[in-house]
Amino acid sequence: MRKQPILVTGGAGYIGSHVVRQLGEAGHQVIVLDNLSTGFRASVLYGNLMIGDTGDRAFVTQLLREHDIESVLHFAAHIVVPESVSDPLKYYGNNTCNTRELLAACADAGVKHFIFSSTAAVYGIPPDMECAEDSPLAPINPYGRSKLMSEWMLQDLAAASNLRYGVLRYFNVAGADPGGRIGQSTPKATHLIKVACEATLGKRSHIDVFGTDYPTPDGTCIRDYIHIEDLARAHLLALEHLHNGGESFTANCGYGHGYSVREVLDKVQEVSGVKLDIREAPRRAGDPPALIAKAERIRALLGWTPQYNQLDTIVGHALTWERRL
Ligand code: UDP
């Protein structure tokens, strides 16, 4: 186990906090950098929380130097596709420009390993619904473009320095800590499983299905939903890979099978025992019809084996957390 702490940006957010918890449980020292714009102090179960911006290059450089940090995991970002369509500069500012400043700080401080939270949105509309890591990169919304630009900056910096990186392209992350300690707490959430769980508890009057005329078997969008706990585990394996001298890599994080919006809502009703008021609504801006991971690389390269790859489990854990909130 390394003595130097690991810096986790956005570690008070949904995905970051689950990774921080697993890092802490594995005995790593952790420093969380979060501006608490969407994260929660209470979600940080391990390490020291520093309040600040990833785009504050001087502050981050000092933090990296002071703690002799060699490894950075970068989660801090905006993540809502339709919002990226209506407010693109917010996304290019926080996701792209701030990542540029963070990378500059990492270069200044001699950081060796960098793990970047990317997204399936970099693929755009895959011709056969499935995306491999070498599929064409053609994002159709500013969120995907803001993340793809960061991937490119990271690759270029690595080519010009000693930095090695792991880019993890997340498909649709859902669920909560199986131990029930943390979960997705975002107010005004927009992600399907979270929204549906809120609706089962009466926190919302109904749920909209955005688009029923997509070229999919039931006309609604298909996504590959991955349990947060399995996703978080992938980060620890990615870090271990880099710490053991492994090469830089890019890997999809998904299970390789998709569910339509209607199938997800059926499952949420089945698991919760609550009948939802489901309404058909127009398509939402920026949504590709289907995104399913080709997910062999992460298994082969990192030895990642999912433990929670059942939609029932994902929905069950999300519901348990939602009741607790
Ligand atoms: N969706 C929906 N109703 C909702 C929220 C989402 O029909 O209240 C759909 C959305 O249009 C997309 C899918 O569910 O087709 C997944 O969307 P989400 O926002 O969960 O994740 P994204 O794929 O945009 O990252």
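All ligand and atom numbering here is 1-based and tracks the order in the structure.
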- Tell me whether Leu148 is reachable from Ile125 by hopping between hydrophobic residues (I, L, V, M, F, W, Y) whose side-chain heavy atoms are closer than 4.5 Å. no
Would you check if the side chain of [X] reaches a backbone N or O of [Y] as a donor-acceptor pair within less than 3.5 Å?
X: Arg21; Y: Leu45; value: no
X: Arg324; Y: Gly180; value: yes
X: Glu198; Y: Glu322; value: no
X: Lys147; Y: Ser117; value: yes

- Using a strict cut-off of 4.0 Å, indicate which atoms of ligand 1 neighbour a heavy atom of Val209. 7 (O)
- In ligand 1, the atoms that come under 4.0 Å of a heavy atom of Val195 are 8 (O)
Among all protein heavy atoms in this structure, tell me which lies nearest to [atom], with the distance rounded to 0.1 Å.
atom: atom 20 (O) of ligand 1; value: Leu192 N, 2.7 Å
atom: atom 4 (C) of ligand 1; value: Phe210 CE1, 3.4 Å
atom: atom 22 (P) of ligand 1; value: Asn172 ND2, 3.5 Å
atom: atom 11 (O) of ligand 1; value: Asp287 OD2, 2.6 Å
atom: atom 15 (O) of ligand 1; value: Cys221 CB, 2.9 Å
atom: atom 9 (C) of ligand 1; value: Val261 CG2, 3.8 Å

- Message: Going by the closest heavy atom to atom 24 (O) of ligand 1, which one wins out of His191, Arg223, Arg284?
- Response: Arg284
- Using a 4.0 Å heavy-atom cut-off, say whether Asp208 meets ligand 1 through its side chain, its backbone, both or neither. backbone
- May I ask you to identify, for Thr190, whether its side chain, its backbone, both or neither come under 4.0 Å of ligand 1 on a heavy-atom basis? backbone
- Query: Taking atom types as modelled, is there a side-chain donor on His243 or Ser71 under 3.5 Å from an acceptor on the other?
  - Reply: yes
- Item | Result of checking His67, His28, Glu70 against Gln4 for side chain to side chain donor-acceptor pair (under 3.5 Å) | Glu70
- Message: Set out, in order, the CA-CA distance, both residues' side-chain angles and the distance that settles side chain to side chain contact (heavy atoms under 4.5 Å, CB included) for Glu133 and Tyr123, then state yes or no.
- Response: CA-CA 9 Å; Glu133 289 83 356; Tyr123 295 114; 4.2 Å; yes
- Should Ile207 be counted as touching ligand 1, given the test is an N or O pair under 3.5 Å? no
